[in-house]
J.: 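Got a structure here, written out as structure tokens. Questions coming.
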Amino acid sequence: MEKKSIDFAAIPQTALKVLTSPVSFFREMAKTGGFVEPLVFLVALAVVTAIVDGVLGILGLKFFLSAWAALFSIIITPVVAAIGGFIVAAILFIIWKLLGSQESYETAYRCVAYLAALWPVMAMAGAIPYIGALITIVLLTYFCVTASVETHKIPSQKAWIVFGIIGAALFFISLGAEIATQGARQQLLEMQRQMQNK
């Protein structure tokens with residue numbers, strides 16, 4: 001059996017196709033073929049996302065304590081994403097099965113891995129206080145519904161109801177986290193001002 005090599009040059013084109021033509025991408029996506037290729041895609045997008053987050057943090061558009069924290073994020077994010085991808089795929093696999101999907105865990109994992117194309121966009125949206133959380137959840141919900149309908153052949157209305165409810169719950173959780181982060185950022189800035197005035 002001949003081993004298939006990973007085409008790293010195709011990663012940006014794949015990400016662009018996911019973002020610009022999600023319906024055709026998830027309709028035509030290979031449902032089998034192993035875990036390596038989607039895992040490499042997910043890790044590559046995690047690295048890009050961590051760099052975007054780090055740059056936004058250094059520019060003061062996101063909450064980072066220092067440039068060192070941004071660098072640490074670039075190192076640790078791909079590891080966390082690689083592990084988290086399998087866990088999220090397991091959760092979505094169960095949800096899709098409950099909704100009537102006949103697809104395997106591998107197919108669920110491939111959907112999750114290619115949804116990583118959203119991460120850099122979500123990172124940039126996250127720089128917009130409060131509205132960024134809404135943009136992120138709307139995008140994620142739409143893409144999960146698209147994967148549900150096109151790959152898992154789940155009726156559109158059923159997918160929208162389930163992922164709409166999940167999206168609404170995630171929005172309120174992320175909104176709470178955003179409020180806490182903004183409060184912590186303000187406290188940190190106030191402490192820095194007080195130290196400079198001494």
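Because the structure is predicted, anything quoted here is derived from the model rather than measured.
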J.: Do the side chain of S101 and the main chain of K97 share a donor and acceptor less than 3.5 angstrom apart?
T.: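 Here the side-chain-to-backbone pair does not exist.
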
J.: Please identify each residue that fulfils side chain to side chain contact (heavy atoms under 4.5 Å, CB included) with V138, with sequence neighbours left out.
T.: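 Once residues adjacent in sequence are excluded, the partners of V138 under the side chain to side chain contact (heavy atoms under 4.5 Å, CB included) criterion are L134.
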
J.: Return the set of residues passing ring-ring contact (aromatic ring centres under 6.0 Å, His included) with F25 (not counting sequence neighbours), or none when no residue passes.
T.: Y114

J.: Tell me if a side-chain donor or acceptor on R110 pairs with a main-chain N or O of G34 at a distance below 3.5 Å.
T.: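 Answer holds: yes.
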
J.: Cluster partners of L16, using ILVMFWY side-chain heavy atoms under 4.5 angstrom, listed by chain and number?
T.: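 Result for L16 is none, singleton.
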
J.: Determine, step by step, whether L42 and W119 satisfy the side chain to side chain contact (heavy atoms under 4.5 Å, CB included) criterion, reporting the C-alpha distance in whole Å, the side-chain angles of both residues, the deciding distance to 0.1 Å, and the verdict.
T.: CA-CA 10 Å; L42 181 143; W119 293 350; 3.7 Å; yes

J.: Report the C-alpha distance between L99 and F163 in whole Å, list the side-chain angles of each, state the deciding distance to 0.1 Å, and finish with yes or no for side chain to side chain contact (heavy atoms under 4.5 Å, CB included).
T.: CA-CA 11 Å; L99 291 174; F163 285 99; 4.2 Å; yes

J.: More than 12 foreign heavy atoms under 6.0 Å from CD of Q157: is that the case here?
T.: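 Not buried by this count: 12 neighbours or fewer within 6.0 Å.
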
J.: Side chain to side chain contact (heavy atoms under 4.5 Å, CB included), that's the test. Do C111 and L92 meet it? Break it down for me.
T.: CA-CA 9 Å; C111 288; L92 286 178; over 6 Å; no

J.: Distance-only, no hydrogens or angles: does the E106 side chain make a donor-acceptor pair with backbone N or O of G33 under 3.5 Å?
T.: yes

J.: Kindly give the cluster partners of L98, where membership spreads through any ILVMFWY side chain lying under 4.5 Å from a current member.
T.: I94

J.: Mind jotting down which residue pairs meet the side-chain hydrogen bond (donor to acceptor under 3.5 Å, both in side chains) criterion with at least one end in residues 77-92? Sequence neighbours excluded, please.
T.: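 The answer is S73-T77.
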
J.: Please identify each residue that fulfils side chain to side chain contact (heavy atoms under 4.5 Å, CB included) with V79, with sequence neighbours left out.
T.: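 For V79, the residues satisfying side chain to side chain contact (heavy atoms under 4.5 Å, CB included) (neighbours in sequence not counted) are I83.
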
J.: Does I165 belong to the same Ile/Leu/Val/Met/Phe/Trp/Tyr cluster as V149, with side-chain heavy atoms less than 4.5 Å apart forming each link?
T.: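 No.
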
J.: Taking 4.0 angstrom as the limit, do K31 and E103 come out as a salt bridge?
T.: yes

J.: Can you check whether A159's main-chain N or O pairs, donor with acceptor, with S148's side chain at less than 3.5 Å?
T.: no

